[in-house]
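What follows is a single structure, written as C-alpha cells, with notes after it.
Within every chain, numbering begins at 1; the chains are lettered A, B, ... in the order of the sequence lines, protein sequences first and strands thereafter.
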Number of protein chains: 2
Amino acid sequence: MLSKKTKYGLKALTFIARSEDDMPVQVGKIAKSEQIPQKFLEGILLTLRKAGILGSKKGKHGGYYLRSEPSEIKMTDVMRVLEGPIAMVPCVSLNYYEKCDDCPDETLCSVHRLMVEVRDSTLNVFRNTTLADLSSVD
Amino acid sequence: MLSKKTKYGLKALTFIARSEDDMPVQVGKIAKSEQIPQKFLEGILLTLRKAGILGSKKGKHGGYYLRSEPSEIKMTDVMRVLEGPIAMVPCVSLNYYEKCDDCPDETLCSVHRLMVEVRDSTLNVFRNTTLADLSSVD
DNA sequence: TATTAATCCTATCAATTTAGTAGGGATTAC
DNA sequence: GTAATCCCTACTAAATTGATAGGATTAATA
C-alpha cells in the first residue's frame with residue numbers, strides 16, 4: 001500500500017506545481033484544498049525541503065516552492081524521498097542493497113528473480129514520469 | 001516492502017515445483033531447506049491451499065503439491081493471494097476498487113495517474129511470469 | 001488397533017510502522 | 001511589535017507483521 005505520507009506529498013507537490021505564479025504556497029492553503037491534516041502535511045513538506053525538492057520561505061507570506069521546473073522533477077526522486085527504496089526487497093535495491101541472510105545464491109532465488117523484474121518495470125515508470133506529467137490538466 | 005509471508009510463500013512454491021517426483025512435499029522439509037519458521041510456513045501453505053493453488057494430503061506421508069503445472073501458475077494469482085491487491089491504492093485496483101473519499105475527479109488526481117501506470121507495469125510482469133519461470137535453473 | 005507423522009485450526013503476543021496530535025520556537029513582513 | 005508562517009521534538013493510538021503455542025484431525029503402517 002502507498003502510505004498516506006506519499007499520497008499527501010504527491011498531492012501537495014502537484015498543488016504547488018499547478019499554482020501558476022511563483023509565489024510560495026502556504027501549508028494551510030494546501031491542507032485545506034486537498035483535505036490533508038495540516039500538522040501532518042507540515043512534516044511531509046519539511047522532508048521534501050530537506051531532500052532538496054522544495055524550497056521554503058519563513059515568516060509572513062512565506063511558504064513552499066519548487067526548486068526546479070516540474071518537468072525536471074522525476075518521480076524516482078520524489079518516491080525515494082517519500083516512500084523509501086523502490087525495490088520491494090533489499091537484495092534487489094540499487095541504492096540500498098543488502099544481501100539476504102539466507103539465500104546462498106541470488107541467481108537461483110525465485111524471489112530475487114521476480115523482484116528484479118518488478119523493480120525494473122516500476123523504475124521505468126518513475127524515470128519517465130515527472131511532476132509536470134502529474135500536474136498537467138490534459 | 002514485500003512481506004515475509006509472500007517471500008516465504010514464493011520460496012515454498014518454488015521448492016515444491018523443483019521437487020521433480022509428484023509426491024507431496026512436507027512443510028517440515030521446506031521449512032528446513034529454506035530456513036523458514038515451520039509454524040509460520042504452515043499457515044502460509046494453508047492459505048495457498050484454500051486459494052486453490054496448492055493441494056494437500058493429510059496424515060503420514062502427506063504434504064502439499066501443486067494443483068496445476070508450474071507453467072500454468074501465474075504470478076498475478078500467487079501475488080494476490082499472498083500479498084493482496086496489486087494496486088498500491090484502492091482507487092486504481094481492478095479487483096478491489098474503492099473510490100477515495102476526497103478526490104472529486106480521478107482523472108485530475110495526480111496520485112491516481114501515477115499509480116495507474118505503476119499498476120499496469122507491475123501487472124504486466126506478473127501476467128507474464130509463471131512459477132515455471134521462477135523455478136527454472138537457467 | 002496403537003503409534004506416528006502429517007495437515008489443520010485458533011488464539012495469543014511483541015515489535016514495528018503508520019497516521020496523526022500537541023505544543024511551542026524561530027523567522028519575517030508589515 | 002504583532003501576526004503569520006515555517007520549523008522542530010515528543011507523544012500516542014491503532015493497525016500490521018512475524019511470529020509462537022497448543023492442540024484437533026486425519027491417514028499410513030507395524
Side-chain angles (χ1 to χ4, degrees), chain A residues 1-12 16 19 23-32 34-67 81-85 88-90 100-102 111, chain B residues 1-12 16 19 23-32 34-67 81-85 88-90 100-102 111:
Chain A
M1 274 283 289
L2 195 74
S3 66
K4 294 275 187 180
K5 181 179 174 185
T6 301
K7 183 181 173 185
Y8 294 161
L10 288 172
K11 287 198 160 198
I16 297 172
S19 76
M23 300 288 292
V25 182
Q26 290 82 40
V27 177
K29 288 236 179 76
I30 305 171
K32 197 178 172 194
E34 300 295 325
Q35 312 199 55
I36 302 169
Q38 176 158 349
K39 278 290 193 177
F40 193 21
L41 184 56
E42 277 186 24
I44 296 168
L45 297 190
L46 219 41
T47 306
L48 287 166
R49 197 217 58 191
K50 285 177 181 165
I53 293 169
L54 289 178
S56 68
K57 188 161 178 296
K58 282 188 184 176
K60 203 165 186 176
H61 300 161
Y64 289 94
Y65 53 89
L66 301 174
R67 292 281 299 273
V81 168
L82 292 173
E83 192 75 5
M88 294 184 79
V89 281
C100 295
D101 292 341
D102 42 331
V111 177
Chain B
M1 274 284 289
L2 195 74
S3 66
K4 294 276 185 181
K5 181 178 176 186
T6 302
K7 184 182 173 185
Y8 294 161
L10 288 171
K11 287 197 161 199
I16 297 172
S19 76
M23 299 288 291
V25 182
Q26 290 81 41
V27 176
K29 290 237 177 75
I30 305 172
K32 198 178 171 195
E34 300 295 326
Q35 312 199 58
I36 302 171
Q38 175 158 350
K39 278 288 191 178
F40 193 19
L41 185 55
E42 276 185 23
I44 296 168
L45 297 189
L46 219 40
T47 305
L48 288 166
R49 197 218 57 192
K50 286 178 181 165
I53 292 169
L54 289 177
S56 68
K57 187 162 178 296
K58 281 190 184 176
K60 205 166 185 175
H61 300 161
Y64 288 93
Y65 53 89
L66 301 175
R67 291 280 300 273
V81 168
L82 292 173
E83 192 74 4
M88 294 185 79
V89 280
C100 293
D101 293 341
D102 42 331
V111 177

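Among the protein residues, B:Lys7 comes within range of no part of the nucleic acid, since none of its heavy atoms lies under 4.0 Å from any strand. As judged by a 4.0 angstrom heavy-atom cut-off over every strand, B:Lys4 is placed among residues touching the sugar-phosphate backbone only. Among the protein residues, B:Gly43 comes within range of no part of the nucleic acid, since none of its heavy atoms lies under 4.0 Å from any strand.
On the nucleic acid side, DNA chain D contacts chain B at distances under 4.0 Å to non-hydrogen atoms, with the end points of that region at D:dG18 to D:dT29.
Note: A:Lys5 NZ to A:Phe40 CZ = 8.0 Å, rounded to the nearest 0.5 Å. Interatomic distance, B:Ile30 CD1 to B:Glu42 CD, rounded to the nearest 0.5 Å: 11.0 Å.
A 4.5 Å side-chain heavy-atom check between B:Leu48 and B:Leu82 finds at least one atom pair inside the cut-off. Side-chain contact between B:Arg49 and B:Leu46 is present, with at least one heavy-atom pair separated by less than 4.5 Å. At a threshold of 4.5 Å between non-hydrogen side-chain atoms, the residues A:Pro90 and B:Met1 count as touching.
Sequence order on DNA chain C of the closest nucleotides to A:Lys39 and B:Tyr64 puts B:Tyr64 first from the 5' end. Position along DNA chain C of the nearest nucleotide to A:Glu42 versus A:Ser3 favours A:Ser3 as the more 5'-ward residue.
A:Leu2 has its CG atom 15 Å from the C1' atom of C:dT17, to the nearest Å. B:Phe40 has its CZ atom 16 Å from the C1' atom of C:dT10, to the nearest Å.
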Distances for protein N/O vs nucleotides 28-30 of chain C N/O pairs under 3.5 angstrom?
from	atom 1	to	atom 2	distance (Å)
C:dT28	O2	A:Lys60	N	3.3
C:dA29	OP1	A:Lys57	NZ	3.4
C:dA29	O3'	A:His61	ND1	3.3
C:dC30	OP1	A:His61	ND1	3.3

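Paired with B:Asp102 under the rule salt bridge (charged side-chain N to carboxylate O under 4.0 Å, His left out), one option of A:Lys4, A:Lys32, A:Lys11 passes, and it is A:Lys11.
Residue B:Ser56 places at least one side-chain N or O under 4.0 Å from the OP1 or OP2 atom of C:dC8. Listed pair B:Arg49 / C:dC8 meets the phosphate criterion, a side-chain N or O lying under 4.0 Å from OP1 or OP2. Phosphate contact (OP1/OP2 of C:dC9, side-chain N/O of B:Lys50, threshold under 4.0 Å): present.
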